[in-house]
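Report on one structure; see the data block that follows.
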Amino acid sequence: MIYRNLGPTGLKVSALSYGAWVTFGNQIGDPVAEKLLHTAYDAGVNFFDNAEGYAKGQAEIVMGDILKRSGWKRSSYIISSKVFFGSEAGLPNQIGLSRKHVVEACNAALKRFQTDHIDLYFCHRPDPETPIGETARAMHDLIIQGKVLYWGTSEWSGEQLRIAIDFCTKHNLHCPVVEQPQYNIFHRERFEKDLAPIFKSPGLGTTIWSPLASGLLTGKYNNGIPKDSRLNVAGLEWLKDRLTGEGSAPRLAAVAQLAAVAKELDVSLPKLGIAWCLKNTNVSTVILGASKVEQLSENLKALEIVDRLTPQVMAKIETITKAVID
Ligand code: NDP
């Protein structure tokens, strides 16, 4: 494993990390979740990603139990939670980024994780109904109380982040230091263009999500949808439609061409997709998702092939995908 600094902070995060969306408390049983977390940790992964909204809080409960049983030192790993979508019924103050919900959601996540601090606490989406200053002050206060170590955002635009950073700087508050955007071969605009000025100054860590576009970049949907796939998980019909429904043919065709590139390099398609993300030095960590130990073991080897993605290989990937990226 290699470790990268999380943007402008001194925190070292493993270049590959592991997240709980769809899987923990939902798609997979708890014993599989335990095996997956151990597989990741044993490979040097030190960051585990979670959110209040994953399986309505159950993902944090499952992860918290596993971490407690593991006996691993708290200083050896980093955990995150995210606030916005809520873990309860969705009453007006059980979602969003108001001071009330940010603080109550943090306290609830600490209980679920059975810990006294969350290392990275993300605003899971921007909340147009709450002034940025209110959220920023709530995050700052949680940091001062020692409940949160660093705060960040997920899927915020460059402009929204810049406003938050300027507000915090002006009022001497802890700034957001990390953003969690989607980033993969097919989805690049936000990461490569919109956030680029902030990477330059003042600096920003990134924990990128869906490096394999929810499995699309593994080629697993090129011949129909496997039965045990996330696309058959209840509630994810929208994702199934997006990845395999109307308009999906050009991307599926590009995946077939990427498979040929992977074959030429003698690497698997999942490793190629993850290594492509790792090539970008503005990526602090690639959050892996996996519902099976074999998938995770395979994906954890992506670091070994990063050097094989020469400029010529990267150019080939560009040619194949340029008409289908967003
Ligand atoms: P991926 O894009 O890597 O998708 C993971 C899924 O792809 C797996 O569950 C599996 O699907 C399939 N897969 C992975 N590896 C393989 C392989 N080697 N062979 C075959 N299939 C494979 O990542 P996620 O979408 O899960 O995102 C990673 C993490 O990012 C999440 O767990 C979460 O922590 C975070 N995230 C954050 C978001 C945010 O808004 N901030 C949004 C989404 C994710 P299957 O189960 O069908 O086999």
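As the structure lists them, so they are numbered: ligands from 1, and atoms in each ligand from 1.
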What atoms of ligand 1 come within less than 4.0 Å of a heavy atom belonging to Ser291? 9 (O), 45 (P), 46 (O), 48 (O)
Per-atom contacts of ligand 1 with Pro270, taking only distances under 4.0 Å to non-hydrogen atoms: 17 (C), 18 (N)
Do the non-hydrogen side-chain atoms of His174 and Ile144 ever get within less than 4.5 Å of each other? yes
Please check if any side-chain donor atom of His187 sits under 3.5 Å from a side-chain acceptor atom of Asp326, or the reverse. yes
When distances are taken from atom 27 (O) of ligand 1, the protein heavy atom at minimum range is Ser210 N, 3.2 Å
Please classify the Gln27 to ligand 1 contact at 4.0 Å (heavy-atom distances, strictly less than): side chain, backbone, both or neither. side chain
Looking only at distances, please establish whether an N/O atom of ligand 1 is found under 3.5 Å from an N/O atom of Ile208. no
Under 4.0 Å from ligand 1, counting heavy atoms only, is it the side chain of Ser154, its backbone, both or neither? side chain
Can Asp141 and Lys147 be counted as an ion pair, charged N to O under 4.0 angstrom? no
Mark yes when over 12 heavy atoms from residues, nucleotides or ligands other than Arg242 sit less than 6.0 Å from its CZ; otherwise mark no. no
Please list, chain by chain and in numerical order, all residues satisfying side chain to side chain donor-acceptor pair (under 3.5 Å) with Thr130, sequence neighbours excluded. Asp127
Mark up the atoms of ligand 1 that fall under 4.0 Å of a heavy atom belonging to Pro211, in ascending order. 1 (P), 2 (O), 3 (O), 23 (O)
Restricting to heavy atoms, the pick from Glu155, Gln182, Arg125 nearest atom 40 (O) of ligand 1 would be Arg125
Could you tell me if Ser157 and Arg190 have a donor-acceptor pair between their side chains, going purely by distance under 3.5 Å? no
Would you please name every residue forming a ring-ring contact (aromatic ring centres under 6.0 Å, His included) with His124, sequence neighbours left out? Tyr54, Phe85
Give a yes/no on ligand 1: does Gln180 have at least one heavy atom closer than 4.0 angstrom to it? yes
Looking at atom 26 (O) of ligand 1, what's its closest protein heavy atom, distance included? Arg230 NH2, 2.7 Å
What's the shortest distance from atom 18 (N) of ligand 1 to any protein heavy atom, and which residue and atom give it? Asn299 OD1, 3.0 Å
What protein heavy atom lies closest to atom 10 (C) of ligand 1? Include the residue and the distance to one decimal. Gln295 OE1, 3.5 Å
Polar contact flag, side-chain donor to acceptor under 3.5 angstrom, Glu179-Thr153: yes
Which of the atoms in ligand 1, numbered in the order shown and given with their element, are less than 4.0 Å from a heavy-atom of Lys82? 41 (N)
Just checking Lys68: does its NZ atom have more than 12 heavy atoms from other residues, nucleotides or ligands closer to it than 6.0 angstrom? no
At what distance is the nearest protein heavy atom to atom 43 (C) of ligand 1, and which residue and atom is it? Trp209 CE3, 3.1 Å
If you measure only the distance, is there a donor-acceptor pair under 3.5 Å linking the side chains of Glu134 and Ser98? no
Check for me whether Tyr54 has a heavy atom closer than 4.0 Å to any atom of ligand 1. yes
Hey, can you tell me if Trp72 and Tyr41 have their rings parallel, tilted or perpendicular (30° and 60° cut-offs)? parallel
What is the closest protein heavy atom to atom 21 (N) of ligand 1, and at what distance does it sit? Lys220 NZ, 3.0 Å
Under 3.5 Å, is there a donor on one side chain and an acceptor on the other for Asn232 and Lys227? no
Which of the numbered atoms in ligand 1 are under 4.0 angstrom from any heavy atom belonging to His124? 39 (C), 40 (O), 41 (N)
Tell me which protein heavy atom sits closest to atom 8 (C) of ligand 1, plus the residue, atom name and distance to 0.1 Å. Gly289 O, 3.7 Å
Tell me the contacting part of Ile287 for ligand 1: side chain, backbone, both, or neither, using a 4.0 Å heavy-atom threshold, strictly below. both
Between Val22 and ligand 1, which residue portion shows a heavy-atom distance shorter than 4.0 Å: side chain, backbone, both, or neither? neither
closest protein heavy atom to atom 31 (C) of ligand 1 is Trp21 CB, 3.5 Å
Counting both backbone and side chain atoms, is some N or O of Asp49 under 3.5 Å from an N or O of ligand 1? yes
Glu104 with Lys111: basic N within carboxylate O range, under 4.0 Å: no
